[in-house]
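Here is how names work: the chains are called A, B, and so on, in the same order as the sequence lines, proteins then strands, and each is numbered from 1. Atoms considered below: every heavy atom in the structure, side chains included; atoms not considered: hydrogens, waters and symmetry mates.
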Amino acid sequence: MTELAKVYDPQATEQRWYQFWLERGYFHADERRDGATYAVVIPPPNVTGMLHLGHVLNNTIQDVAVRYRRMRGDNVLWMPGMDHAGIATQNVVEKKLAAEGTDRHELGRDAFVERVWQWKENYGGVILQQLKRLGASCDWQRERFTMDEGLSAAVREVFVRLYEKGLIYRGHRIIHWCVRCHTALSDEEAAVTEGGEKGSLWHIRYPAADGGAGVVVATTRPETMLGDTGVAVHPDDERYRDLLGRSVVLPLLERPIPIITDELVDREFGTGAVKVTPAHDANDFEMGNRHNLPAICIMTTDGVIGEAGGPYAGLDRFAARARIVADLEEQGFLEGIEDHRVPVRRCQRCDTVIEPYLSRQWFVRMEPLAAPAIAAVERGDLLFHPPRWTGVYLHWLNNIRDWCISRQLWWGHRIPVWYCQGCDAENVARDEPERCGVCGGGELLQDPDVLDTWFSSWLWPFSTMGWPEKTPTLEKFYPTDMLATGADIIFFWVARMVMAGCEFMGEVPFRDVYLNSIVRDGKGRKMSKSLGNSPDPIDVMNQYGADALRFTIVSLAPLGQDVRFDADKTEFGRNFANKIWNATRFALMNLEGADLSTWNEASAPLDLDLPSRWILSRLQTVVDETRSAIDEYRFSDAASSIYRFLWGEVCDWYVELIKPALYGDDLRAKTLVGTTLVTVLDRVMRLLHPFMPYLTEEIWQALPMQRSVDSIMIAPYPQAVAAWRDERAEEVVAALTDTVTAVRAIRSEFGIAPREPLTVRIVANGHAERIEELRGFVENLARVSAIEILHGDERPTGEPSAAIAGLGEIFVPLGDSVDRAAVSERMQRERAKIDKELKAVEGKLGRPDFVDKAPADIVEKEREKAAALHERRAVLERHLAALHG
RNA sequence: AGGCACGUAGCUCAGGGGGAGAGCACUUCCCUGACACGGAAGGGGUCGGCGGUUCAAAUCCGCCCGUGCCUACCA
């Protein structure tokens, strides 16, 4: 281990340690263990899924939370698994079949489903392997799949229970229909394109049946007029008063249809008159019901105009639209065309324009389920992070609509309903019934449809733990503690899980919901396949390492904000990893052969040297900051806290400060700083382990110390030790670093070569002893050859100087080679700056309001500031006088 | 249309009523025995605009402009 490479190579370590952790079973949760538990269920990725940066962030956050809790000694369960992803998976396999020149209908249902299972075995779940590469510490022994026997049983159980409660029903309604996937979709799966799409608003005249001018309607989908069975106007609309009770003639088909009045009509929009097409629009369907209008279905499931479309039958919906518009114009019915942004729904899976379609489907009555889910959040049983999502969640639940759960697919959970061929009864059962429960008939036919994929996902927090059986896992780990997911699936998944948890388990499925950032590309665009702007995380890990990617993405993703990510930003994490690696390399090189114990939490290492007391004191602050940041889900704050300490304090200062001791002959001194350095590295590696698991394990294993456990992932998470705090050391080292920085600045600004000897003179403001304490360090770090302490009123003139808080005033005599004009110029610049500041501070102090009303300590601070500025100004004046004199 | 975020250095973003910060980029110097994936020093911002509250506003409030997201029965 002493021959460490100069540059950290992640490839060499990652595989090895992951294997090690797996073999030791450190990811496994044990129901029989006592003590506090911490449980997280993974948002199950699609079986067809490939890892993208959104997954990387989401799973890194879960892994951080879970590894942190594990190190804190909790009994931790991170439940992994996958979703069968009905439409997505069926699409994948269908595409394969198409490439083979066949299709699922030719294959038949059973053979097709068999093919999907085969595909799953051969190609599915790549993403889980990718998550392992990322370092995810899931309990893989428990991996679940939503189509597993156990989870399928849970689905049937839930269906039957809700049916028996009257919460599942079959209804004839307008649903979202994908003409390509040939299935119904839920509201959430048929999202409206952002900002609408370019379209037109056609104004069409429907002449009165009795010969009058009739009415002009405005529509964005003229083809649906073939199914019009009425025209609606607002009851109070004066313009149409004389049309009430009359009829108009539907152009092209010449069908008489009534004028009705309905409050739903917006008088401001279009012409204030709406064509009513009950079979092809959800609002029109409701209106049709209210006014007993017939619903005429004019389209086939392929989106082609059907028989009811008369001369347009056989045309695709968009071709029909064009033809109809042309015909209307030719026949003089078209009154005008406006450009118009049209809200278009598209299939979430295939992007095809959705057709509102009247159809018979299964629904879940949601209101009764929503009530407890609303109450739970209002009671504070469940908290959103950041909290603003609470409103989004509540708004959706308060305006909930019934959930269409049937899908006309083959891949998924078959609806557990058998229709009696004798008496038509619905037989709903957990297992296939032998005979009809109503008439006893033996001829039963199962509903051909399957359930919405989310109908299994909403049970995930408890179905994965064995529900409906009363398992020890459920007993131990339900409810879970945290759910980390994207805000885009609050409705799809989070809210539904809460409802299912309340309904079937009697309590919310998790206490904290962490909504992680959306990862965008460097230009702020959403990562998407079609844009090709999403770097493959595996490539990024190959180039920079898994730890680098984890650390970078967590650092970039503050709670509640989106994150812009470019692959090359990973240099941030890579450089940090390398810095840590080299700090360790430095320790090992200099402590070769030593076997140091580390400082024990119970010991108070007061007889240490100044830098060691200082760094151990600073360590306590980082420990506190890191713990509270993770506890509050401020993962990026935790990461930056560790980063700043390790790089900015340990590497930049501590390592430099102890070099003399380390290189010296004093064995005791050497051991003390060595032990401290190893202590600090040990604690920081443990702090950092949840973020960078591989690197920290590699380094921790290499540290020359004894270990009570064989892996950092089960080592205790550091706790602050009050006895290690040392305020005096912090104050003194602050004076030290200020001094060094000031001297280096003078050196640099006046072009004094790095190796040129330099004397520093210090006017000790009662800090002579402190200066003696720091002398060696300053000489070393600032490359100062001599330090003179000035006593009494002696003041150098014409020399660059700086005031150091807690120490005194330092002066650097310059050699003859230095350009006096440059010195003068710099001093004048500083004086100008001081004058500006003085003006502000004295202006403040000059206002009676400020002195009277501001808190005394603030006023005092301003006075001290003014005094210091004056003093500094006087020094500059003296120097300048000397330079010019 | 309504709601929620956000607008701070060239870029990406922290901070949040009393001294403008980090990383990257940039300039100068340094291959000093952990690290050039490094070290040292430095330049750069009227903290989106306008008002208000306050002794004091980048920070709180209002309006406006810009950006992003979410919701909706915009036919």
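- Note on A/Arg755: every side-chain N or O is 4.0 Å or more away from OP1 and OP2 of B/rU32.
- Mapped onto RNA chain B by nearest heavy atom, A/Glu837 and A/Asp637 fall at different nucleotides, with A/Asp637 at the one closer to the 5' end.
- The residue among A/Thr584 and A/Val851 whose nearest nucleotide of RNA chain B is located toward the 5' end is A/Thr584.
- With salt bridges taken as basic N to acidic carboxylate O contacts below 4.0 Å, one links A/Arg239 and A/Asp237.
- Nucleotides B/rG43 and B/rA20 are separated by 16 Å at their C1' atoms, to the nearest Å.
- For the 3.5 Å distance criterion, the side chains of A/Thr13 and A/Tyr8 qualify, holding a donor opposite an acceptor.
- Counting only heavy atoms from C-beta outward, the side chains of A/Trp653 and A/Leu736 never approach each other to under 4.5 Å.
- Here the separation of B/rG45 from B/rG66, taken at their P atoms, is 27 Å to the nearest Å.
- Here B/rC55 is the nucleotide among B/rC55, B/rC35, B/rA75 with the atom lying nearest to any side-chain atom of A/Arg847.
- Residue A/Val217 is out of contact with every strand shown, counting any heavy-atom pair closer than 4.0 Å.
- For A/Trp647, the side-chain atoms get nearest to B/rG39 when compared with the rest of B/rA41, B/rG39, B/rG18.
- Note on A/Ala745: only backbone sugar-phosphate atoms sit closer than 4.0 angstrom, heavy atoms only; bases stay farther off.
- Closest contact between the side chain of A/Lys579 and the listed nucleotides B/rA75, B/rG42, B/rG39 involves B/rG39.
- Nucleotides B/rC31 and B/rG48 place their C1' atoms 45 Å apart, quoted to the nearest Å.
- Distances from the side chain of A/Asn283 to the nucleotides B/rC13, B/rC73, B/rC35 place B/rC73 closest.
- For B/rA34, the OP1/OP2 oxygens have a side-chain nitrogen or oxygen of A/Tyr663 closer than 4.0 Å.
- Here the separation of B/rU46 from B/rA41, taken at their P atoms, is 26 Å to the nearest Å.
- Judged purely by distance below 3.5 Å, without hydrogens or angles, the side chains of A/Ser801 and A/Arg872 pair a donor atom with an acceptor atom.
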